[in-house]
2 protein chains.
Amino acid sequence: MIVLLRNSLVSRKFHTLHRSIVKMKLLTQKEAIDIDVKLFNEYKFSVDQLMELAGLSCSHAITKCYNANKKVLILCGPGNNGGDGLVCARHLAMMGYQPTIYYPKQTDNMLYKNLTHQCQRINIEFVQNAPKTEDLDKQFSVIVDALFGFSFKPPVRETFADIMNSLVNTKTPIASIDIPSGWNVEDGPENEASIKPDMLISLTAPKLCAKFFKGRYHFLGGRFVPPSLQEEYKLNLPEYPGTDTCVQL
Amino acid sequence: MIVLLRNSLVSRKFHTLHRSIVKMKLLTQKEAIDIDVKLFNEYKFSVDQLMELAGLSCSHAITKCYNANKKVLILCGPGNNGGDGLVCARHLAMMGYQPTIYYPKQTDNMLYKNLTHQCQRINIEFVQNAPKTEDLDKQFSVIVDALFGFSFKPPVRETFADIMNSLVNTKTPIASIDIPSGWNVEDGPENEASIKPDMLISLTAPKLCAKFFKGRYHFLGGRFVPPSLQEEYKLNLPEYPGTDTCVQL
């Protein structure tokens with residue numbers, strides 16, 4: 001079963017290689033922000049809707065690549081990237097994973113309070129202190145990095161210094177949602193001490209920093225971009241197979 | 001591919017037959033309403049979130065059973081069942097189907113206006129008049145019935161008389177979301193002139209009327225019911241396979 005899955009992932013990878021590298025648009029930070037604004041203002045999606053679909057697609061991508069040991073740490077930042085992480089954690093739990101959440105700077109907004117409550121009500125553990133590198137290495141089989149998204153501008157704030165330090169040094173694979181945290185959205189890793197994710201799940205469309213991604217798995221999630229918006233920005237997204245909410249690039 | 005899919009559906013059907021018929025809870029109307037209220041008030045889900053997941057799961061169930069001709073008519077009622085239908089239509093369109101919507105009594109509420117707008121912006125056609133039986137027979141390969149849900153109490157209002165009449169007489173298969181429209185939520189078909197859906201997609205958990213369903217495909221969708229709520233109502237839901245958003249019963 002696992003072999004079949006891997007084969008199919010590999011063949012899909014080659015199948016879409018040409019299209020994804022040669023033609024798929026990589027967004028600037030401004031384009032990513034503009035598209036997000038249009039989804040809400042022009043296409044009238046609610047944050048609740050798109051965050052639910054984005055987080056769900058991340059959970060599906062993760063189950064395709066990490067399914068041996070289901071202990072997952074989800075690191076949530078204060079913005080929408082953190083919200084995607086909370087949704088992802090809930091869906092992973094509903095699929096039999098054992099997520100733990102570290103969410104050090106909780107957003108004082110009803111949507112975020114409710115997303116947190118939903119996780120608490122299905123008994124997902126929230127840890128209060130930044131896990132150290134040795135905790136990451138021993139306790140988890142994958143770390144979901146939902147700290148900072150496409151609005152991020154350096155430097156990383158003090159609250160996140162400890163966890164960023166643990167992330168840089170851990171041997172546990174990191175799956176970054178949309179942007180590897182701490183990376184420049186367009187120019188990629190800031191320096192040698194930047195994180196090196198094993199997986200990148202781009203949402204809507206990959207951002208420019210994706211070209212610096214050297215990990216094993218690059219997925220696209222968030223199958224909700226209206227065709228007219230895809231066309232307006234010449235996104236040239238790959239086809240999502242069947243009913244899948246994500247596609248390997 | 002189609003043969004494989006069918007075989008897998010059939011084997012899953014037999015696999016879960018014992019569990020689904022003997023043990024799975026069928027909800028009374030009051031229980032269905034209570035669970036819905038708890039999901040919002042106690043578990044703090046938003047309507048946007050659950051409607052998105054419910055509609056998505058309906059679209060996935062439909063693609064598993066009707067994929068030869070992708071012309072689908074979605075009939076949307078004024079309540080949450082109609083909202084599920086609007087979300088389902090949008091996801092079907094994103095998966096390459098050609099949905100048409102009939103939504104005669106549009107709800108004057110921001111969420112519904114936005115769901116309608118989202119469909120319009122991806123060029124889904126809205127028809128103004130109730131399609132006649134011959135239109136249903138000729139133009140569509142499946143009709144999604146999202147008219148009335150678990151809050152329905154007879155009689156059917158005048159606005160929906162024409163479309164209900166066309167539905168009773170059409171030869172095109174009907175896929176009902178949660179409740180076959182016009183049926184009593186607990187006692188099933190009202191009389192010989194009630195609709196006979198080919199597919200029933202129960203959401204959250206099947207309602208009592210599901211025992212009168214004689215069509216080919218019965219699915220459960222809405223993989224979001226927290227375990228503690230499942231336990232409280234002794235729902236005994238079947239396991240959803242892999243990352244699937246729906247499961248055949």
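By convention in this document, chain letters (A, B, ...) are assigned in the order of the sequence lines, proteins followed by strands, and residues within each chain are numbered from 1.
Shown here for B/Ala175 and B/Tyr66, the closest heavy-atom pair between the two residues is CB-CE1, 4.5 Å.
Between chain A and the residues B/Val87, B/Asp48, B/Leu229, B/Thr245, the largest count of heavy-atom pairs under 4.5 Å involves B/Asp48. Ranked by non-hydrogen atom pairs under 4.5 Å with chain B, the options A/Val47, A/Ile122, A/Leu53 are led by A/Leu53. Considering only heavy-atom pairs separated by less than 4.5 Å from chain A, the leading option among B/Asn123, B/Leu111, B/Asn114 is B/Asn114.
Heavy-atom proximity under 4.5 angstrom to chain A picks out B/Glu42 from residues 30-42 of chain B.
In this structure, OG1 on A/Thr172 lies 4.5 Å from CD1 on A/Ile143, to the nearest 0.5 angstrom. The line from SG of B/Cys88 to CD1 of B/Ile74 is 5.0 Å long, rounded to the nearest 0.5 Å. Rounded to the nearest 0.5 angstrom, B/Ser202 OG and B/Met24 CE are separated by 7.0 Å.
Partners of A/Asp84 by salt bridge (charged side-chain N to carboxylate O under 4.0 Å, His left out), not counting sequence neighbours: none found.
Only the side chain of A/Leu56 comes within contact range of chain B, with at least one heavy atom under 4.5 Å from a heavy atom of that chain. For a residue to count as touching a neighbouring chain, one of its non-hydrogen atoms must lie under 4.5 Å from one of that chain's; by this rule A/Val225 touches chain B with the backbone only. With a 4.5 Å cut-off on non-hydrogen atoms, A/Leu115 touches chain B through its side chain but not through its backbone.
For the pairing with B/Ile174, the side-chain contact (heavy atoms from CB on, under 4.5 Å) check across B/Pro180, B/Pro197, B/Ser181 returns one residue only, B/Pro197.
Judged as a ring pair (Phe, Tyr, Trp, His ring centres under 6.0 Å), not a single pair has a partner in residues 224-249 of chain A (not counting sequence neighbours). Within the structure, salt bridge (charged side-chain N to carboxylate O under 4.0 Å, His left out) contacts touching residues 88-115 of chain B (residues at least two apart or in different chains) are B/Glu52-B/Arg90, B/Asp108-B/Lys113.
Between A/Gln118 and B/Tyr43 the shortest side-chain heavy-atom distance does not fall below 4.5 Å.
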